Amino acid sequence: MGRRLTWRRTDLSVGPVDAALALLGATVESTTEDGTVAVRLTEVEAYGGSDDPGSHAFRGPGRRNATMFGPAGLAYVYFTYGMHWCLNVVCCPDGEPGAVLLRAGEVTRGLDLARTRRPGASDRDLARGPARLTRTLGVTGAADGVDLLDAGSPLRLTARAPTPAEVVWGPRVGVAGEGGSTPWRVHLAGDRTVSVYRPATPRRKPTAFG
DNA sequence: CCGACGATTTCCT
DNA sequence: GGAAATCGTCGGT
């Protein structure tokens, strides 16, 4: 069952779970004035809409998540923890929210440039985590809303991959509450660039007693 | 190896 | 006001 290895928008307009599977093994490529870096995706996570408490779209559209309600194939990029960018692929028909978070991958092009963006990191760790991946690719909020299926975009999806032989589904990383147990994280089995699983960790608020 | 914690800012309630 | 789809560092075992 060979699969076409080029993208059509309808390939991604299939909801977050199916889109997550379609994106595994595929390549994201970023071009800046410094050059081009490409990453082969080894780990992604699905996020839904009003029925998914773990999703940014759970409470409807707002300033940050507006792109999630756009057409499939757009990049939804958000800023979190005061310092990190995360990159998603929008994966539902226009007006319906849903996205796939790109969590980890392997650098397959532009290794020298990637290394300069992540000083001190091992090659294995260059894109091993959602914020590491955006740093390695040079992705920031400027890429929010970019069409990933346009070959002329600075950030784009290039090759699809054959259906992975073996994938592993599990709970999403860092998602608290009801959405925390939904097994919508998926990665290539046995791949060393997959990030380490961590449950959501509530942080202790500072007390008057130190 | 492992768990704890601080950094730092945006967004929503 | 508080939580957040994280990461690097630090200290202990």
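Lettering of chains follows the sequences in order, A, B, ..., and the numbering in each one begins at 1. This structure is a prediction, so every number in the text was calculated from the model and none was measured.
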Side chain of [X], backbone of [Y]: donor and acceptor closer than 3.5 Å?
| X | Y | result |
| --- | --- | --- |
| A:Arg132 | A:Arg128 | yes |
| A:Asp125 | A:Ser122 | no |
| A:Arg124 | A:Thr193 | no |
| A:Ser55 | A:Gly48 | yes |
| A:Arg117 | A:Thr136 | yes |

Same-atom distance (P) from C:dA5 to B:dG3, integer angstrom
22 Å

Within residues 97-108 of chain A: residues closer than 4.0 Å to DNA chain C (heavy atoms)
A:Leu101, A:Arg103

Interatomic distance, A:Tyr78 OH vs C:dA3 P [rounded to whole Å]:
18 Å

What residues in residues 82-94 of chain A put a non-hydrogen atom under 4.0 Å from any atom of DNA chain B?
A:Gly82, A:Met83

Salt bridge (charged side-chain N to carboxylate O under 4.0 Å, His left out) filter on A:Arg40, not counting sequence neighbours, yields A:Glu106, A:Asp191

Anything under 3.5 Å between a donor and an acceptor, one on a side chain of residues 140-150 of chain A, the other on a protein residue two or more places apart or in another chain? List them.
{"unit_1": "A:Thr140", "atom_1": "OG1", "unit_2": "A:Ala142", "atom_2": "N", "d": "3.3"}
{"unit_1": "A:Asp144", "atom_1": "OD1", "unit_2": "A:Thr67", "atom_2": "OG1", "d": "3.2"}
{"unit_1": "A:Asp144", "atom_1": "OD1", "unit_2": "A:Val77", "atom_2": "N", "d": "3.0"}
{"unit_1": "A:Asp144", "atom_1": "OD2", "unit_2": "A:Thr67", "atom_2": "OG1", "d": "3.0"}
{"unit_1": "A:Asp147", "atom_1": "OD1", "unit_2": "A:Arg9", "atom_2": "NH1", "d": "3.2"}
{"unit_1": "A:Asp147", "atom_1": "OD1", "unit_2": "A:Arg9", "atom_2": "NH2", "d": "3.4"}
{"unit_1": "A:Asp147", "atom_1": "OD1", "unit_2": "A:Leu149", "atom_2": "N", "d": "3.0"}
{"unit_1": "A:Asp147", "atom_1": "OD2", "unit_2": "A:Arg9", "atom_2": "NH2", "d": "2.9"}
{"unit_1": "A:Asp150", "atom_1": "OD1", "unit_2": "A:Gly152", "atom_2": "N", "d": "2.7"}

At less than 3.5 Å, do the side-chain atoms of A:Tyr81 and the base atoms of B:dA7 form a donor-acceptor pair?
no

Distance (rounded to the nearest 0.5 Å) between A:Leu74 CG and A:Leu155 CG:
11.5 Å

Distances under 3.5 Å between nitrogen or oxygen atoms of protein and nucleotides 10-13 of chain B:
{"unit_1": "B:dC12", "atom_1": "OP1", "unit_2": "A:Arg63", "atom_2": "N", "d": "3.1"}

Here the side-chain hydrogen bond (donor to acceptor under 3.5 Å, both in side chains) pairs for residues 175-186 of chain A, sequence neighbours left out, are A:Glu43-A:Arg185

Which pairs with one or both residues in residues 45-54 of chain A pass side-chain hydrogen bond (donor to acceptor under 3.5 Å, both in side chains), sequence neighbours excluded?
A:Glu45-A:Tyr47, A:Asp52-A:Arg172

How is A:Gly179 classified with respect to the nucleic acid when contacts are heavy atoms under 4.0 Å: base, sugar-phosphate, or nothing?
nothing

Look at A:Arg160 together with A:Asp11 and state whether they make a salt bridge at an N to O cut-off of under 4.0 Å.
yes

Among residues two or more places apart or on two chains, list those pairs meeting ring pair (Phe, Tyr, Trp, His ring centres under 6.0 Å) that have a residue in residues 135-170 of chain A.
none

For residues 21-30 of chain A, please give each side-chain donor-acceptor pair under 3.5 Å, one per line with the distance, not counting sequence neighbours.
{"unit_1": "A:Glu29", "atom_1": "OE1", "unit_2": "A:Arg156", "atom_2": "NE", "d": "3.4"}
{"unit_1": "A:Glu29", "atom_1": "OE1", "unit_2": "A:Arg156", "atom_2": "NH2", "d": "2.7"}
{"unit_1": "A:Glu29", "atom_1": "OE2", "unit_2": "A:Arg109", "atom_2": "NH1", "d": "3.1"}
{"unit_1": "A:Ser30", "atom_1": "OG", "unit_2": "A:Leu137", "atom_2": "O", "d": "2.6"}

Please enumerate all residues that pass ring-ring contact (aromatic ring centres under 6.0 Å, His included) together with A:Tyr78, with sequence neighbours excluded.
A:His56, A:Tyr76

If you draw a 6.0 Å radius around CZ in A:Arg8, do more than 12 non-hydrogen atoms from other residues or ligands fall strictly inside?
no

Shorter than 3.5 Å, N or O on both sides, protein versus nucleotides 8-10 of chain C: list them out with atom names.
{"unit_1": "C:dG8", "atom_1": "OP1", "unit_2": "A:Arg118", "atom_2": "NH1", "d": "2.6"}
{"unit_1": "C:dG8", "atom_1": "OP2", "unit_2": "A:Arg132", "atom_2": "NE", "d": "2.9"}
{"unit_1": "C:dG8", "atom_1": "OP2", "unit_2": "A:Arg132", "atom_2": "NH2", "d": "2.6"}

Given the rule that a pair is Watson-Crick or G-U wobble with both distances under 3.5 Å, how would you write DNA chain B in dot-bracket, using | for pairs to a different strand?
|||||||.||||.

